[in-house]
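A short worksheet on the structure shown next.
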Amino acid sequence: MIQKNERRRYASDLSDSQWAIIQPLLPPAGNKSKWEKRELIDAVLYFVDNGCKWRNLPHDFPPYTTVANFYYAAIRSGLWEKIRAALVERVRTNTGRNADPSYAIIDSQSVKTTAAAEERGIDGEKTKGRKRHIVVDTMGNLLSVVVHAANIHDTKAGILVARDAFEKYPSIQRFGISQNI
């Protein structure tokens, strides 16, 4: 396996304490795995942090096709959700709060898209593109996100994202709505 210390560190790389939280959530590496999972996650974090194209990942990361395949496999397996949930729990408990939130806030944002996307529409403010609805706890930790065509009304999309958040966190007793909606 190729080791992390063979490349330069980037600001987006996992710290050792972050890795200690994430590592137990990963499935065991198979015999054919050439790259360490930490390297793959660091490459994904670089990609997300810098907003670059897959093929523009620095050459000291694993090949971009390997990183992209890992990223999409992690989506399908639910790995990113497991990581997000573990990090939310850690942040909440480290600040002395209950691990599971009881109050959540719903917010939305329309985003213009230039390419012809499957889920695209025009919202009430004439923004042509997509819209995302999120649910955060009172600390701002992301609990749920739903991305959809911009023409889906806030009441319908709000129910979808609230239902998703409640399925992940049945401890939620109340929802608030951001002033932006």
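Residue Trp19 holds its CH2 atom at 8.5 Å from NZ of Lys37, rounded to the nearest 0.5 Å. To the nearest 0.5 angstrom, Asp107 atom CG is 5.0 Å from Ile134 atom CD1. The OH atom of Tyr103 sits 16.0 Å away from atom CE of Met139, with the distance rounded to the nearest 0.5 Å. Between Glu89 atom CD and Asn141 atom CG the span is 11.5 Å, to the nearest 0.5 Å. With rounding to the nearest 0.5 angstrom, the CD atom of Gln23 is 10.5 Å from the CG atom of Asp16. If you take CD on Glu39 and CG on Asp60, they are separated by 8.0 Å, rounding to the nearest 0.5 Å.
Between Arg9 and Asp42 there is no salt bridge, since no side-chain N of the basic residue sits under 4.0 Å from a carboxylate O of the acidic one. Note on Asp137 versus Arg92: salt bridge recorded, some NZ/NE/NH1/NH2 to OD/OE distance being below 4.0 Å.
Side-chain atoms of Asp49 do not come within 3.5 Å of backbone N or O of Leu45 as any donor-acceptor pair. A donor-acceptor pair under 3.5 Å is formed between the side chain of Arg84 and the backbone N or O of Leu142. Of the possible polar contacts, one joining the Ser77 side chain to the Ala73 backbone as a donor-acceptor pair under 3.5 Å is found. No side-chain donor-acceptor contact under 3.5 Å links Trp54 to the backbone of Phe47. In this structure, Asn50 contributes its side chain and Tyr46 its backbone to a donor-acceptor pair below 3.5 Å.
In this structure, the side chains of Val88 and Tyr169 come closer than 4.5 Å at one or more pairs of heavy atoms. Under the 4.5 Å side-chain criterion, counting only non-hydrogen atoms from C-beta, Ile172 is in contact with Leu143. Inter-residue side-chain proximity for Ile41 and Leu14 is flagged as met; some heavy-atom pair is nearer than 4.5 Å. Two residues are said to be in side-chain contact when any heavy atoms from C-beta on lie closer than 4.5 Å; Pro101 and Thr138 fail this criterion.
Phe70 and Trp35 have their aromatic ring centers separated by at least 6.0 angstrom. For Phe61 and Tyr10, the ring centers sit closer than 6.0 Å to each other.
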Set out, in order, the CA-CA distance, both residues' side-chain angles and the distance that settles side chain to side chain donor-acceptor pair (under 3.5 Å) for Asp164 and Ser144, then state yes or no. CA-CA 6 Å; Asp164 184 62; Ser144 178; 2.4 Å; yes

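When all heavy atoms are compared, the tightest approach of Asp13 to Gln18 is O-OE1, 4.1 Å. What you find for Ala43 and Leu57 is that their closest heavy atoms are O-CD2, 3.6 Å. When all heavy atoms are compared, the tightest approach of Ile106 to Gly158 is CD1-O, 4.0 Å. Nearest heavy atoms, Thr93 versus Ala99: CG2-CB, 3.7 Å. Among all heavy-atom pairs drawn from Leu25 and Ile83, the shortest one is CD1-CA, 3.8 Å. Contact record, Ala104 with Val135: CB-CG1, 3.4 Å, taken as the closest heavy-atom pair.
By the rule that hydrophobic residues join a cluster once side-chain heavy atoms approach within less than 4.5 Å of another member, Val91 and Trp80 end up as members of separate clusters. Residues Leu160 and Ile105 do not share a hydrophobic cluster, defined by chaining ILVMFWY side chains whose heavy atoms lie under 4.5 Å apart. Under the 4.5 Å side-chain heavy-atom criterion for ILVMFWY residues, no single connected hydrophobic cluster contains both Val145 and Ile159.
A side-chain hydrogen bond (donor to acceptor under 3.5 Å, both in side chains) with His148 holds for exactly one of His133, Lys156, Arg132; it is His133.
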